[in-house]
Structure formats: C-alpha cells, structure tokens
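Just so we're clear, the structure is a prediction, and the values are computed from it rather than from any experiment.
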Amino acid sequence: MMDVGRHPNIKLLTYSEVEEVSGYVGNFNVKVRKKARYVDENECNACAECFKVCPVAVPDEFQQGFSSRKAIYMQLPQAVPSSYIIDMEACLGNNPIACGKCLEVCDKKCIDYDMQDEMIDLKVGAIIVATGMDVYDPTELDEYGYRSFENVITSMEFERLICAGGPAQGHFIRPTDEKTPKTIGFIQCVGSRSEKRGNRYCSNICCMNTIKDTVLLNDHYPGIEMKVFYMDIRAFGKAFEDLFRRSKEAGVKYIRGLPGEVREDPKTRDLIVTVENTTTGEVEQHELDMLVLSIGVLPRQDGSGIQKLLTLSRTADGFFMESHPKLKPVDAPTKGVFLAGCAEFPKDVKDSVTQASAAAARAEIILNADKIKVEAITSMVDKEMCTACEICYRACPYKCIEVDRENKIPAQIIEAACAGCGTCGAECPFGAVTMRHFTDDQIIAQIEAILDEDPMEKTVVFACNWCSYQGADFAGISRLQYPPNQRIIRTMCSGRVDEDFVLYAFKLGAPIVLVSGCHFADCHYIDANRWTQKRVEKLWDKLEKMGVRPERLQLEWISAAEGQKFAKVMRELEEMRKKVTKEEVEFTKNALKDLKFKREKRKAKLQADKAKAEKVAV
C-alpha cells in the first residue's frame, strides 16, 4: 500500500466511491465521489493528539469489535494516506459544535467540520474490478452458539486475537477470562457447502486457513490441544498437503464430522461440543476452552451497484462472471473491464495476485494500443428502415446504441462497445437491425437448407455459441449417444433468435424447434437471454392462438459443461418429434402460409409511402 501511495504514476483515491460510468473500451468516463474525511490528508501528520482528547468511544470494526476506537481515528495501522478521519455519526463536534476538542489541540489546524464531498471526473481506457468479498455471518446457525457464548468466535476474529497488532498485542486469550486457552476446536465449512443455510459452493480458503492457524498456534503455544471438525479437507495447492501433514504431526486431531450441538458450562464457561465421528460411527463429546468457526466468504453485498455501473454478469452464486472461463478468465463481458481477486470467485492470496497481474497485463494491452480491434460480429442499422422507436436501445445489454426518439434520429451502434449478441436485431419490430456474419438472410438460408428434404425427420436447434453449442461439442467429444436427427444452427446468443426464424422453420415443415442458451443466471451477454425468455413466451401464446401446439417449440438452458444434459434433451426432442403427425405439420404450414418477415413488411410500407408521396407530388 505504501508503494502504491508513493508511486508517481498511480493516483490513489481512498474513501471514495464510483457513482457513474459511461463510454466504452478505451474511452470510459468515470465520476467518483471522494467522501469528506473532515481532516486534510495533505496536512495531517498523524501525531495522534486529536485521538487522545476525543471523548467518544465506539467499537473498532478493524479489530472485530474486541476493542474500541475514537470518533476521530485511523482506519488501520497501515492506512494510506497515513492521516486521521472523523466518523461524523459518532462525533460530538458537528453542527452545532458541542465538543471541538480535536480542533483545539490540532497545531496544523487540518480539521474542518464543514468539509464537503468532492466529485472527480476521470477519463480512463480500462477498468479493473477488484472489490473483494464479504464474510458469512454464522448467527443463523444457532447450534454453534455464536453470539450466545463469548468463547465461540469466527476465524476472522481469531486472526485479530492472535495478531501482534490486535487488541491483545499478539497474546492469544479467550474473551471470557483473558487467559490462554488449553483446548481449541475449529469447525469447518461454516456457511459453505450447505443446501439449506449458507451457500452451496466451497469457499476455497477455509481449510488451509485453519491448517495455517493450527500450525501457528503450535509454534507459539506448544501445549495447546487442538481439534478440527470437518467434512473434507481440501489441500489441493502447492505445498498445501505438506502443511496439512505438518499440522497432523504437531498433534492436531482431525475429526470427520460436523458438530450438531454446542453447549456452555455456566461455571467454567467451557464449551461442550457434541459430534458424530463418521470415521468411527460414534457420537462423541469434546470439552473445549474456545471454539473457532471457519466461516465461508460471500460476494460483496453491494455488488449490484458495480454490476449496473459496468453492465457485468453474475453467476448464480452472486460473483461476477468472466467472459470465458478458459480463454478470457480475467475479462468481463463488457469490453475494457477486467476482474481480479475474490470479486470473481473465492481465492487465496497467491491466486488473487496472479489474477491481478493478468488483469493488469490485459489492461496494459488496451492502454498501449493506438487503435483497438473489435470482432467483426457487431450489429448494424439500416437507417432507412429505422423508426427511432428505442426498442433496440432497451434490449441492448451493453447500452451501446444511441437513438433519439423525440427528434426521430435513427439508431446508431457504438461498435467498440458492441459485443455482438444480436438481441437488438431480434427485438427490432421493423427488421432495421441485423448482425454481421449472423444476418437474417444467412440464418434463413440455413433453415431452408435443413428443411429442404425430409423436414418431418429433422429437429431445428438454435444453440448459443458460448454454452449450448459448446455443450453439444462436449457431448460429441465425450462420445455420448443421442439421435442424429437434430440440425444445429449456431448463434452468438439465444437473444439473436428472431421470432421470424422460428415461425419460418414451422412454415417449412419443422416438427420441433428448440431454442437453447446459457443458464438463466449465467448469460455471457449480461441479461440477453431474459429477452429470449420473453420472446419464446410470446411465441407460445401466438402458436396457441393459431391452433398449433406450443410444446412443439422448446426452450432449454444448457451450459458448456453439460454434455450429458444436451444428449438427454436431444433424446427427449426425438421422442417429441415422433409424436408430431403430418396433419399437424400441414395445418401449421397452412396457418403460416401468409407469413411475411418483418423486414419485408417494413420495405413494403416504405415503398407504399414513397409511391404515395410521388403520386401526391404529381
């Protein structure tokens, strides 16, 4: 932190919040609110005279509430800048001045009760999201007695107790009597790997954190007896297994099983833990001086704000989703935005540093380039056909479309920001927007080629490039068996599948049509598959009104890793296809015989308007 603060090419804005981001890769405009510290950070020399005279005491968040701080305080010992800040919610000296002691003793007069927030505008070429994580609050797990028994603490609180800069100056004590404990228990997976309470995912860092803690305790307090209650120990990294072996050799007992109950002896304040040891099959009781809950990690609870500012995707777990897990592991779906650390998923320091270096390198490529190349799959607008209705603007996940409805200025694509999902083209009611290399004519030609011969024997499948199409590929390389009747049309996103494509396939005699894409919460194009869902639901209603069974149009979410699911869905589709009769298909073809593409309708309207105008002129 000190190196960052002193670096001539780094501008560090602490105690600040990003409020607005506009623009696109290479040309981002960022509005930052630098919050008022009420202490001039350039003048303050951290003499601590103000701290000494402040009469207010509140719990210290940095020390996990084990000690107190003043209303004027330094957030942590290594804070950059090394200056004090006033907590105005706790301070007595704010309007009207009731105290003012800190201002009286400040020789440099760097305290200003009237300081205001400052708005800073920045122009940047790339953005790295490294917002970190939150930790799980185990209060809801009442069987562990957290907040009921003082000697039950979390792993974060343990770190502060044992730290040399902690509330006990590095002397490890238990909270009730401030004596060094003789027996300590650790419970793993608190808030992780749980279907009912907490989170389903593994938090990655907890096992090795506990192993490290046991080794650290043994080094400083060799006589302490330690017991670890666990489901599985995941020591998968470099030298992790060696550290695990060291811990066991030091006498740490690893008991396979999670406690079902924790009670407190009212006289000694010791803890009695009841657990089923799944290795021996016996229910055991262990008496402990202290119990440490190895808590899992959570995505930032305020992450939705960053998500909206940068139009990011999030996984079902709530962490930010990368553009591609293998090919672009640090790139966000929005071009020019990169991810680092636990904002993307729980990881330890080594992995966080590695990812941060990769993100910095990716950003450097953009910053060093005179021009940025974009993929040639961006959308384009036929301005003659556009009515400036703004539907494409609302549908675009990246807000890369500019349009002025009031002044009837046609839509314009900002190609540097366009990711090429094609949702705008599918939603445009006039066929004014299409997508390079995935044009309407190209997709229509594929449908015609598929259904040119024996259409009754085939199923038309629209598959998104990143998930369902890759799922098909994975099914193939895994040699999974499924019927060969499916014919796949690849689109970059399921959001590209126009209503016209589906209806045209039915018009040409397709018995079954499948639209498939990423899982609903994991769309690679932010929220484009939400538009797919809405479009398919409208199609179901339309088909039903026409007398066509809606079941003939299927919608499935298949990820790249779900080759088994893809094969299963294909088998199910084949069973559906066999049940579709020729009479049904003929009825559908007749119902759709007058189908005209929206683009054709718009062209006909323009030609009619032009002819009418010419007639009036004559």
Practice problem: Could you check Q446 against Q442 for side-chain hydrogen bond (donor to acceptor under 3.5 Å, both in side chains), going step by step and ending with a plain yes or no? | Solution: CA-CA 6 Å; Q446 291 181 70; Q442 288 173 315; over 6 Å; no
Q) Got a donor-acceptor contact below 3.5 angstrom from the E344 side chain to the G341 backbone? A) no
Any ion pair linking E375 and K335 (charged N to carboxylate O, less than 4.0 Å)? no
Checklist entry - Can you check whether E157's main-chain N or O pairs, donor with acceptor, with T154's side chain at less than 3.5 Å? => result yes
Main-chain N/O of R530 paired with D527 side-chain donor or acceptor, under 3.5 Å
no
All heavy atoms of D317 vs all of P299, minimum pair found to be O-CG, 3.4 Å
Salt bridge check, K34 against D117: does any charged N sit closer than 4.0 Å to a carboxylate O? no
One should read off an interatomic distance between I409 CD1 and D404 CG, to the nearest 0.5 angstrom, of 4.5 Å
Practice prompt. Run the salt-bridge test on E61 and R69 with the 4.0 Å N-O cut-off and return the result as yes or no.
Written response: yes
| request: Check whether any side-chain heavy atom of L555 lies under 4.5 Å from a side-chain heavy atom of Q533, and answer yes or no. | output: yes
Got a salt bridge between D87 and K70, using NZ or NE/NH1/NH2 to carboxylate O under 4.0 Å?
no
Exercise for review: Look at the side chain of K408 and the backbone N and O of R405, then say whether any donor-acceptor pair between them is shorter than 3.5 Å.
Suggested key: no
Check: Got a donor-acceptor contact below 3.5 angstrom from the S323 side chain to the K328 backbone?
Finding: no
Output for pair (C400 SG, I414 CD1), nearest 0.5 Å, gives 6.5 Å
OG1 of T354 to CG of D351, rounded to nearest 0.5 Å, is 6.0 Å
(Q) Before you tell me yes or no, could you show the steps for T378 and R436 under side-chain hydrogen bond (donor to acceptor under 3.5 Å, both in side chains), namely the whole-Å CA-CA distance, both residues' side-chain angles and the distance that decides it to 0.1 Å? (A) CA-CA 6 Å; T378 54; R436 291 183 177 89; 2.8 Å; yes
Under 4.0 Å between a side-chain nitrogen and a carboxylate oxygen: does that hold for D112 and R37? no
Flag yes if more than 12 heavy atoms outside M208 fall under 6.0 Å of its CE atom; otherwise flag no.
yes
**Request:** Report yes if the side chains of D440 and R496 come closer than 4.5 Å at any heavy-atom pair, otherwise no.
**Result:** yes
* Would a 4.5 Å heavy-atom cut-off, applied to side chains only, mark E118 and R33 as touching? -> no
CE (M119) and OG (S16) are apart, to the nearest 0.5 Å, by 10.0 Å
In this structure, CD of E41 is separated from OG of S82 (nearest 0.5 Å) by 11.0 Å
Item to complete: Using the side-chain hydrogen bond (donor to acceptor under 3.5 Å, both in side chains) rule, take S294 and T210 through it: C-alpha gap first, then chi angles, then the decisive distance, then the call.
Response: CA-CA 7 Å; S294 189; T210 292; 3.3 Å; yes
*Any side-chain donor-acceptor pair under 3.5 Å between T439 and T434?*
no
Handout entry: Enclosure of R200 CZ (heavy-atom neighbours >12, cutoff 6.0 Å)
Key = no
With no hydrogens and no angle check, do the side chains of N45 and K108 hold a donor and an acceptor under 3.5 Å apart? no
Below 4.5 Å, heavy atoms only, C-beta onward: do C102 and C106 meet side chain to side chain? no
Heavy atoms of I127 and V30 approach each other most closely as CD1-CG2, 4.3 Å
Self-check item: Lys/Arg-Asp/Glu bridge criterion (N-O < 4.0 Å) met for E427, R394
Solution: no
query: Are any side-chain N or O atoms of H324 and backbone N or O atoms of P329, one a donor and one an acceptor, separated by less than 3.5 Å?
result: no
Greater than 12 external heavy atoms within 6.0 Å of E390's CD: yes
**Prompt:** Given the rule in the side-chain hydrogen bond (donor to acceptor under 3.5 Å, both in side chains) test, do R160 and Q63 qualify, once you have shown the distances and angles that lead to the verdict?
**Reply:** CA-CA 6 Å; R160 295 317 307 154; Q63 299 291 6; 3.1 Å; yes
Worksheet item: Is a side-chain N or O of T423 found less than 3.5 angstrom from the main chain of A395, in a donor-acceptor match?
Response: no
side-chain contact (heavy atoms from CB on, under 4.5 Å) filter on E241, not counting sequence neighbours, yields A235, F244, R245
Considering only heavy atoms from C-beta outward, does the side chain of K31 approach that of I120 to under 4.5 Å? no
Note to self: More than 12 heavy atoms of other residues, nucleotides or ligands under 6.0 Å from CG of D107: yes or no?
What the structure shows: no
Exercise. Does CD in E19 sit with more than 12 non-hydrogen atoms of other residues, nucleotides or ligands closer than 6.0 Å?
Worked result: yes
So, Y38 versus Y84, ring centres under 6.0 angstrom or not?
-> no
- Query: Does the K347 side chain pair with the main chain of F345, one donor and one acceptor, at a distance under 3.5 Å?
  - Reply: yes
Please determine whether the number of non-hydrogen atoms from other residues, nucleotides or ligands lying under 6.0 Å from atom NZ of K109 exceeds 12.
yes
A46 and M74 have their tightest heavy-atom pair at CB-CE, 3.7 Å
Worked verdict on L514 versus E556 for side chain to side chain contact (heavy atoms under 4.5 Å, CB included):
CA-CA 7 Å; L514 169 69; E556 287 287 349; 3.8 Å; yes
**Item:** Side-chain donor or acceptor of N199 paired with backbone N/O of S192 under 3.5 Å
**Value:** no
Next on the checklist: Closer than 4.0 angstrom, basic N to acidic O: yes or no for D232 and R193?
Outcome noted: yes
Quick one: side chains of residues 461-475, donor-acceptor pairs under 3.5 Å with protein atoms, not counting sequence neighbours, listed by atom name and distance.
from : atom 1 : to   : atom 2 : distance (Å)
N465 : OD1    : R490 : NH1    : 2.8
W466 : NE1    : Y525 : OH     : 2.8
S468 : OG     : C464 : N      : 2.9
S468 : OG     : S516 : O      : 3.4
S468 : OG     : S516 : OG     : 3.1
Q470 : NE2    : N465 : O      : 3.1

Here the pair of heavy atoms bringing S203 nearest to G296 is OG-CA, 3.2 Å
Heavy atoms of I526 and P333 approach each other most closely as CD1-CB, 4.1 Å
Checklist line | is_close_aromatic(F319, Y201), centroid dist under 6.0 Å | finding: yes
Check your understanding: With a 4.5 Å limit on heavy-atom distance, are the side chains of F240 and D348 in contact?
Key -> yes
Indicate yes or no: at least one non-hydrogen side-chain atom of V297 is less than 4.5 angstrom from one of Y136.
no
Kindly say whether F62 contributes a backbone atom to a donor-acceptor pair with the side chain of Q64 at under 3.5 angstrom? no
To the nearest 0.5 Å, atom SG of C342 lies from atom CE of M133 at 4.5 Å
For E415 and V374, the nearest pair of non-hydrogen atoms, with its separation, is O-CG1, 4.1 Å
Under-4.0 Å salt bridge between R535 and E499: no
> Hey, is OH on Y393 packed in by over 12 heavy atoms from elsewhere, all under 6.0 Å?
Replying inline: no
Check: Tell me, do V330 and L339 make a side-chain contact under 4.5 Å, heavy atoms counted?
Finding: no
